[in-house]
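Notes to accompany the following structure.
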Amino acid sequence: KLVSVSEEPSFETEPVDDRVYGGRWSNLKPSYDLLVGAHMPVAALFGTGETIQYGLQYSAMELIEGQPIKESYLQETDAVIAEDLQHKIGEMMGRMHQITRLYQGWTEMKKPYPESWKLAFFESLRNRIDRAARIDPTMKALETRIRGFIAGRERVWTDPKAYVFSHTDGIQGMAKRDEKGWTITGIIDIEDNNFTDPCFVLAGYELGLKVEDRTVPASFWEGYKAYAPIDKRFEDLKELFQLYCLLVWLVVFH
C-alpha cells in the first residue's frame with residue numbers, strides 16, 4: 001500500500017477536522033499491534049516505512065482473500081446468506097468495540113487531547129458546514145435549519161462512558177463466500193482505526209447502507225449485541241453524526 005508522504009502534526013496541534021474524521025499514517029503500526037494482541041483477523045504486516053526519493057510511505061502486507069464486506073453484502077442475492085453476513089459483520093464490530101479506553105483519539109496516544117471530544121466535534125461540524133456551503137449553493141437555504149437542529153442536539157449531548165476502537169465508518173474488512181456462506185477474512189485500512197464515540201461509528205455504518213437504499217438488518221444488531229451493548233445515546237445523536245458524515249461526503253465526492 002502506497003500513500004504520499006506528509007508531515008504529521010503533533011497530537012496537540014492536529015487540525016480538529018483530522019481528529020474527528022481523518023487519517024494518520026503513523027497510526028498503522030500501533031493499530032496493527034493492538035488488533036494482533038486482541039486476536040482479531042488482520043493481514044500480517046511485513047514492513048512499513050517511506051521512500052524519500054519518491055515521496056511515498058509504504059506498508060507491505062499479506063494478501064487477504066475476498067472482497068470488501070460492503071460490496072459483498074450489496075451484491076449478495078440470497079437474502080438468508082446476506083442476513084448471515086450482516087450478523088458476522090455485527091459480531092466483528094462488537095468484538096472490536098470491546099476494546100475501549102476513557103479518551104478519544106489515535107491508538108498510540110498516552111493522554112487525552114487538550115480539547116474535549118464534545119468541543120472538538122461541534123467545532124469540526126461547523127467547519128464542515130462552512131466547507132459544504134462553498135461547494136453546494138443549495139446549502140445556503142438550509143443552513144439556518146441545519147444550525148438550529150445542531151443546537152438542539154448539542155443541548156441533549158452527553159459524552160460516552162468509553163471510546164471504542166473502530167474505523168469511524170463502522171468497519172472496513174474483506175469477506176469471502178464458500179458453500180457454507182460468508183466468512184470475514186480480515187480487517188483492512190487499519191491505520192484509520194482509532195478510539196472514537198460508539199454512536200458515531202454505528203451512525204456512519206447505518207448511513208453507509210442507507211445511501212445504497214438498504215437498511216441495517218436485525219441480524220447485524222443481534223451479532224453486535226452479542227459482544228457489545230448499543231450505547232443508550234444512539235437514537236438521540238444518530239442523525240447528528242449522520243449529518244456530519246454527509247457534509248464530509250458532499251465535499252469529498254463533490
Side-chain angles (χ1 to χ4, degrees), residues 1-72 74-75 92 96 99 104-111 113-115 120 123-124 127-128 130-132 134-135 165-176 184-196 200-201 204-205 208 211 244-254:
K1 185 172 185 176
L2 301 170
V3 299
S4 298
V5 170
S6 60
E7 186 174 346
E8 292 182 344
S10 67
F11 295 132
E12 291 76 15
T13 62
E14 183 179 34
V16 68
D17 293 346
D18 291 342
R19 168 187 170 179
V20 174
Y21 195 89
R24 192 176 179 94
W25 182 255
S26 63
N27 191 58
L28 189 154
K29 186 61 166 60
S31 294
Y32 172 79
D33 291 341
L34 189 154
L35 289 167
V36 171
H39 306 290
M40 303 295 289
V42 62
L45 179 63
F46 302 126
T48 183
E50 61 182 54
T51 58
I52 302 299
Q53 179 181 358
Y54 299 105
L56 294 171
Q57 294 168 316
Y58 68 86
S59 61
M61 296 170 286
E62 174 189 16
L63 175 68
I64 299 180
E65 294 185 349
Q67 59 185 5
I69 54 175
K70 182 178 179 181
E71 180 181 312
S72 301
L74 293 176
Q75 292 179 353
M92 187 63 66
M96 290 186 67
I99 307 170
Q104 181 266 339
W106 301 106
T107 310
E108 65 178 341
M109 292 176 66
K110 304 302 182 186
K111 61 180 181 179
Y113 286 102
E115 187 178 35
E123 179 183 342
S124 180
N127 291 345
R128 302 294 189 181
D130 293 340
R131 199 165 298 131
R134 292 196 293 270
I135 294 287
F165 185 68
S166 183
H167 193 287
T168 312
D169 291 334
I171 188 170
Q172 295 291 339
M174 303 290 282
K176 182 181 178 181
I184 296 180
T185 52
I187 296 165
I188 62 172
D189 293 341
I190 57 178
E191 67 273 17
D192 294 334
N193 283 278
N194 62 88
F195 287 89
T196 189
F200 196 4
V201 172
Y205 183 72
V211 298
Y244 185 99
C245 294
L246 286 170
L247 290 168
V248 174
W249 299 348
L250 176 64
V251 175
V252 171
F253 301 115
H254 302 286

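Applying the salt bridge (Lys or Arg N to Asp or Glu O under 4.0 Å) rule to pairs touching residues 2-16 yields Glu8-Arg24, Glu14-Arg24, sequence neighbours excluded.
Tyr205 pairs by the ring-ring contact (aromatic ring centres under 6.0 Å, His included) definition with Phe220, not counting sequence neighbours. Checked against salt bridge (Lys or Arg N to Asp or Glu O under 4.0 Å), Glu123 has no partners two or more places apart in sequence or in another chain. For Glu65, the salt bridge (Lys or Arg N to Asp or Glu O under 4.0 Å) criterion is met by Lys176, not counting sequence neighbours. Tyr113 pairs by the ring-ring contact (aromatic ring centres under 6.0 Å, His included) definition with nothing, not counting sequence neighbours. In terms of the side-chain contact (heavy atoms from CB on, under 4.5 Å) criterion, residue partners of Asp192 (sequence neighbours excluded) are, by chain and number, His167, Asp189. Residues satisfying the salt bridge (Lys or Arg N to Asp or Glu O under 4.0 Å) criterion with Arg128, sequence neighbours excluded, are absent altogether. The side chain to side chain donor-acceptor pair (under 3.5 Å) check on Ser10 picks up Thr13, with sequence neighbours excluded. The side-chain contact (heavy atoms from CB on, under 4.5 Å) search around Ser6 returns none, not counting sequence neighbours. Applying the side-chain contact (heavy atoms from CB on, under 4.5 Å) rule to Gln67 yields the partners Glu71, Ser72, Gln75, Trp182; only residues at least two apart in sequence or on another chain are considered. Every residue two or more places apart in sequence or in another chain that forms a side-chain contact (heavy atoms from CB on, under 4.5 Å) with Leu34 is listed here: Ile99, Thr107, Phe165, Phe195.
In this structure, Ile64 CD1 and Ile184 CD1 are separated by 11.5 Å, a value rounded to the nearest 0.5 Å. The line from CG of Asp17 to CZ of Arg131 is 5.0 Å long, rounded to the nearest 0.5 Å. Distance check: Tyr244 OH to Asn127 CG gives 8.0 Å after rounding to the nearest 0.5 Å. Within the model, atoms CZ of Phe11 and CD of Glu108 stand 4.5 Å from one another, a figure rounded to the nearest 0.5 Å.
Listed here is the closest heavy atom pair of Val20 and Ser124: CG2-CB, 3.8 Å. Scanning all heavy atoms of the two residues, the minimum distance from Leu247 to Ala132 falls at CD2-CB, 3.8 Å. Across all their heavy atoms, Ser166 and Val201 have their closest contact at OG-CG1, 3.2 Å.
Ser31 places no side-chain N or O within 3.5 Å of a backbone atom of Glu191 that could act as its donor or acceptor partner.
Side-chain contact check for Pro30 versus Trp106: every heavy-atom pair is 4.5 Å or farther apart. Using a 4.5 Å heavy-atom cutoff, the side chains of Trp25 and Ser59 are in contact. Counting heavy atoms from C-beta on, the side chains of Asn193 and Met96 come closer than 4.5 Å. No side-chain heavy atom of Gln57 sits under 4.5 Å from any side-chain heavy atom of Ser4. Here the side chains of Asp169 and Tyr21 are in contact, with some heavy-atom distance below 4.5 Å.
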Under 3.5 Å, side-chain donor or acceptor atoms of residues 35-51 against the rest of the protein: list the pairs with distances, not counting sequence neighbours.
unit_1	atom_1	unit_2	atom_2	d
Thr48	OG1	Tyr58	O	2.9
Thr51	OG1	Leu56	O	3.4

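Classification of Asp33 and Lys29 as a salt-bridged pair holds, one side-chain N sitting under 4.0 Å from a carboxylate O.
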- prompt: Is there a side-chain contact (heavy atoms from CB on, under 4.5 Å) between Tyr54 and Leu2 once you walk through the steps?
  reply: CA-CA 11 Å; Tyr54 299 105; Leu2 301 170; over 6 Å; no

